[in-house]
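Taking it in order: structure first as structure tokens, then the write-up.
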Amino acid sequence: MHSRTPYIAANWKMHKTVAEAAEFVDALLPRIAATQSDVVICPPFTALAEVVERRRGTAVKVAAQNMHEADSGAFTGEVSGPMLVELDVEAVVLGHSERRQYFSETDEALARKVAAALAHELEPILCVGESEEARDAGETEGVLERQLQADLAAIDDLAVGGVVIAYEPIWAIGTGRTATPEQAQEACAFIRDVLRARGAAAEEVRILYGGSVKPANAAELLALPDVDGALVGGASLDPEEFAAIVDAT
Ligand code: 13P
């Protein structure tokens, strides 16, 4: 058994209006009042302030789903670290595969974003994961290692301890095809090895699994030695389902 506090994050993606977000938080809070785990909600930008206010006085943390690396500037449509900090947002998801795939997010930009997030004391939740083609070609570890090296290139080894890593195999996202416990454990242990080889305090880093996590499979995944939590998409939209996943820690 390790001593890392479990970390369960709800990535709502482009779901929930402000009113829907408020309703969710009010329904969730009583259901998770007794948890010892870190619980994080990642709403769209428009609902961040509402979720921050509703969870005040609780242990629930709030994360954005992306941010720009610059503090301000001519970057139409972007949001910066200081803007998130002003709202009392505590963390930020970076490098989700949907952003890499649909918005051409590069590892070079991610390296800058991870450094900027840490500079603003926002906890980065860095997503890595292989495509189905890469897994079939036996390249899973190569992909993970390349992403980790590139995305963490701009921070020093000590700072790596403050990053949360989410292992999200692309083929498991939104498909109902959850990674098997063996696949999830193997990949998360490999990620920890890469961090250790880099000289980081790898035992401190929370490594999450994401990809079709549901109440029915959460306990098995969360019991794995190198899986310290979950990044939940679809099942995080319903307070009862998400609370059931938090309960599985
Ligand atoms: P699903 O849980 O819907 O598969 O999404 C996973 C994910 O992408 C979380 O970031």
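Any value given below was found using the heavy atoms of this structure, including those in side chains, with hydrogens, waters and symmetry copies removed. Ligands are counted one by one from 1 in listed order, and the atoms in each one are counted from 1 as well.
- Within a 6.0 Å radius of CD in Glu220, no more than 12 heavy atoms belonging to other residues, nucleotides or ligands are found.
- Taking a cut-off of under 4.0 Å to the non-hydrogen atoms of Leu231, the atoms of ligand 1 that pass are 9 (C), 10 (O).
- Defined by atom type and a distance below 3.5 Å, a donor-acceptor pair is missing between the side-chain atoms of His96 and Gln65.
- A donor-acceptor pair under 3.5 Å is absent between the side-chain atoms of Arg31 and the main chain of Ala243, judged by distance alone.
- Between Tyr209 and Tyr167, the two ring planes are tilted [angle within 30° to 60°].
- Between the side chain of Glu105 and the backbone N or O of Leu110, no donor-acceptor pair lies under 3.5 Å.
- Counting non-hydrogen atoms of neighbouring residues, nucleotides and ligands closer than 6.0 angstrom, the CD atom of Gln149 exceeds 12 such neighbours.
- Residue contact check: Gly211 has heavy atoms under 4.0 Å from atoms 4 (O), 6 (C) of ligand 1.
- Looking at atom 3 (O) of ligand 1, its nearest protein heavy atom turns out to be Gly234 N, 2.8 Å.
- For the 3.5 Å distance criterion, the side chains of Glu130 and Trp171 qualify, holding a donor opposite an acceptor.
- Annotation: Ile173 places no N or O atom under 3.5 Å from an N or O atom of ligand 1; distance criterion only.
- Considering backbone and side-chain atoms together, His96 places an N or O closer than 3.5 Å to an N or O of ligand 1.
- Looking at Asn11 against ligand 1, only its side chain comes within 4.0 Å, counting heavy atoms.
- Listed by number with element, the atoms of ligand 1 under 4.0 Å from a non-hydrogen atom of Ser212 are 1 (P), 2 (O), 4 (O).
- We find that Arg196 and Glu203 are joined by a salt bridge, their nearest charged nitrogen and carboxylate oxygen being less than 4.0 Å apart.
- Contact atoms of ligand 1 toward Ala172: 4 (O) (distance under 4.0 Å to a heavy atom of the residue).
- The single protein non-hydrogen atom nearest to atom 9 (C) of ligand 1 is Glu168 OE2, 2.9 Å, given as residue, atom name and distance.
- Using 4.0 Å as the threshold, Lys13 has a heavy atom nearer than that to some atom of ligand 1.
- For atom 2 (O) of ligand 1, the closest non-hydrogen atom of the protein is Gly233 N, 2.9 Å.
- Checked options Asp157, Asp193, Asp156; the residue passing with Arg198 is Asp157 (criterion: salt bridge (Lys or Arg N to Asp or Glu O under 4.0 Å)).
- Contact annotation: for Ser97 versus ligand 1, there are no heavy atoms closer than 4.0 Å.
- Between Gly210 and ligand 1 there is no heavy-atom distance shorter than 4.0 Å.
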